[in-house]
Amino acid sequence: MNNSSGNVLFLILIAVALFAALSYAVSKSTHGTGDGGERESSLMQSSVIQQYGATLRGATARMTSAGIHVEDLEFNPPSDFASLTSGEVGVFHPSGGMVVHEMAPPVMMDATAHNAGGMWVYTMNFEVQNIGTSVSSSLDGNEVMAFLVGLKKPVCDQINARLGIPISPYPTVSGITYGADLISNIDTYFMDDNYTPPSSEIIIGGGAGDSALSGTNEGCYYESSGNDYVYYSVIIGR
């Protein structure tokens, strides 16, 4: 009997110790303290960003399958639905793509970047090298893309790591400000009811600094002139 009681007490002590260790681990995860907590937070945030791009891809695929021409897609926000050519061409309109219009949460954004408000930019001004058909000096090969300028570096790190894109060194574009200019000159890029499609393309993944982005549907690059980390997602590859 004495041996049995001792074994039971020993098992109870082990259970208490395990419960205490589990409670401590959950507490650390919940409060997000330390490098581990920060990495976990960045991992979750990067998943949210990538999922939004996937949602846009699904919605625009349904719209084009229903007969909406790619160049007719309009990304007017709900506050500007009245300006849409029609509800059917509106990606965020209930009669069109039915996507919930979102801004990136402030916790993901670098407050010192050009887009601290978390605004997405939707455009056909770019072509990603080796995605779809490359047609020089023509709109024909341009992709429909979503850009998010000014993400925090740890969030971009997680995205690139998941996609196998290097972060040391970061893919870097030069010569043209693919990040800051998207925000400061947004009327040129934003694909809404007033958008004028370009007659040529800006190529991503075709230079020495950003060759790692060639053939990638999404990823992050660093724009040195604006000191911005920029995420892009190909919504429709052409």
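We're numbering straight along the sequence, starting at 1.
Residues C156 and V230 have side chains not in contact (no heavy-atom distance under 4.5 Å, counting atoms from C-beta outward). A 4.5 Å side-chain heavy-atom check between I165 and L213 finds at least one atom pair inside the cut-off. Put simply, the side chain of M108 does not reach to within 4.5 Å of the side chain of L148, judged on heavy atoms. Within the 4.5 Å cutoff, side-chain heavy atoms of P94 are placed close to those of F81. At a threshold of 4.5 Å between non-hydrogen side-chain atoms, the residues P77 and H101 count as touching. Between I159 and I49, some side-chain heavy-atom pair lies under the 4.5 Å cut-off. When side chains are defined from C-beta on, F75 counts as touching V91, because their heavy atoms get closer than 4.5 Å. When side chains are defined from C-beta on, E127 counts as touching E143, because their heavy atoms get closer than 4.5 Å.
Of all non-hydrogen atoms in A146 and L56, the two that sit nearest each other are CB-CD1, 4.3 Å. A pairwise comparison of heavy atoms in N142 and R238 identifies O-NE, 2.6 Å as the closest pair. Annotation for D72 and V89: closest pair O-CB, 3.4 Å, computed over non-hydrogen atoms. Nearest heavy atoms, L163 versus Q50: CD2-NE2, 3.9 Å. Shortest non-hydrogen contact noted between G215 and V128 is N-CG1, 4.2 Å. Heavy atoms only, all atoms of each residue included: I204 and Y232 are closest at CG2-CE2, 4.4 Å.
Between the side chains of T85 and E74, a donor-acceptor pair is found at a separation under 3.5 Å. For the residue pair Y122 / D192, no side-chain donor-acceptor distance below 3.5 Å is found, with atom types taken as modelled. Side-chain atoms of E223 and S225 form a donor-acceptor pair, as typed in the model, at a separation below 3.5 Å. Counting only N and O atoms by type, the side chains of S224 and Y170 include no donor and acceptor under 3.5 Å apart. Using modelled atom types, one finds no donor on one side chain facing an acceptor on the other under 3.5 Å when comparing E102 with Y52. Side chain to side chain, D193 and S83 fail the donor-acceptor criterion of an N or O pair below 3.5 Å.
In the hydrophobic clustering of ILVMFWY residues, with side-chain heavy atoms under 4.5 Å counting as a link, F190 and M63 come out together. The hydrophobic cluster containing F126 does not contain Y222, counting ILVMFWY residues as joined when their side-chain heavy atoms lie under 4.5 angstrom apart, directly or transitively. Under the 4.5 Å side-chain heavy-atom criterion for grouping Ile, Leu, Val, Met, Phe, Trp and Tyr, V70 is not connected to M98 through any hydrophobic cluster. Criterion: ILVMFWY side-chain heavy atoms under 4.5 Å apart, direct or through other members. Under it, Y229 and V121 are not part of a common hydrophobic cluster. Cluster membership check: W120 shares its hydrophobic cluster with V107, using side-chain heavy-atom separations under 4.5 Å among Ile, Leu, Val, Met, Phe, Trp and Tyr.
Atom NE2 in H114 sits 10.0 Å away from atom CG in D181 (nearest 0.5 Å). To the nearest 0.5 Å, atom CD1 of residue I235 and atom CE of residue M191 are 10.5 Å apart. Atom OG of S199 and atom CG of D140 lie 11.0 Å apart (nearest 0.5 Å). With values rounded to the nearest 0.5 angstrom, D157 atom CG is found 4.0 Å from I167 atom CD1. Taking CG of D228 as the start and CZ of F147 as the end, the distance is 13.0 Å to the nearest 0.5 Å. Between atom CG of residue N115 and atom CG of residue D110 there is a gap of 10.5 Å, rounded to the nearest 0.5 Å.
With S214 contributing its side chain and S211 its backbone, the two residues share no donor-acceptor pair below 3.5 Å. Listed for the N185 side chain is no donor-acceptor partner under 3.5 Å among the backbone atoms of L182.
Ring to ring, Y189 and Y195 are not that close: their centroids are 6.0 angstrom or more apart.
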Could you walk me through whether H93 and L84 pass the side chain to side chain contact (heavy atoms under 4.5 Å, CB included) check? CA-CA 9 Å; H93 196 278; L84 286 168; 3.7 Å; yes
Could you go through the side chain to side chain contact (heavy atoms under 4.5 Å, CB included) check for D210 and T172 one step at a time? CA-CA 5 Å; D210 63 352; T172 304; over 6 Å; no
Please determine whether side chain to side chain donor-acceptor pair (under 3.5 Å) holds for the pair E218 and Y231, giving the CA-CA distance in whole Å, both sets of side-chain angles, and the decisive distance to 0.1 Å. CA-CA 7 Å; E218 57 180 328; Y231 168 75; 2.5 Å; yes
N76 and F92: CA distance, side-chain angles, deciding distance, side chain to side chain contact (heavy atoms under 4.5 Å, CB included) verdict: CA-CA 7 Å; N76 296 49; F92 301 111; over 6 Å; no
Walk me through whether I183 and M119 qualify under side chain to side chain contact (heavy atoms under 4.5 Å, CB included). CA-CA 9 Å; I183 303 301; M119 177 174 59; 4.1 Å; yes
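Of the candidates C220, S46, S47, V155 forms a side-chain contact (heavy atoms from CB on, under 4.5 Å) with just one, namely S46.
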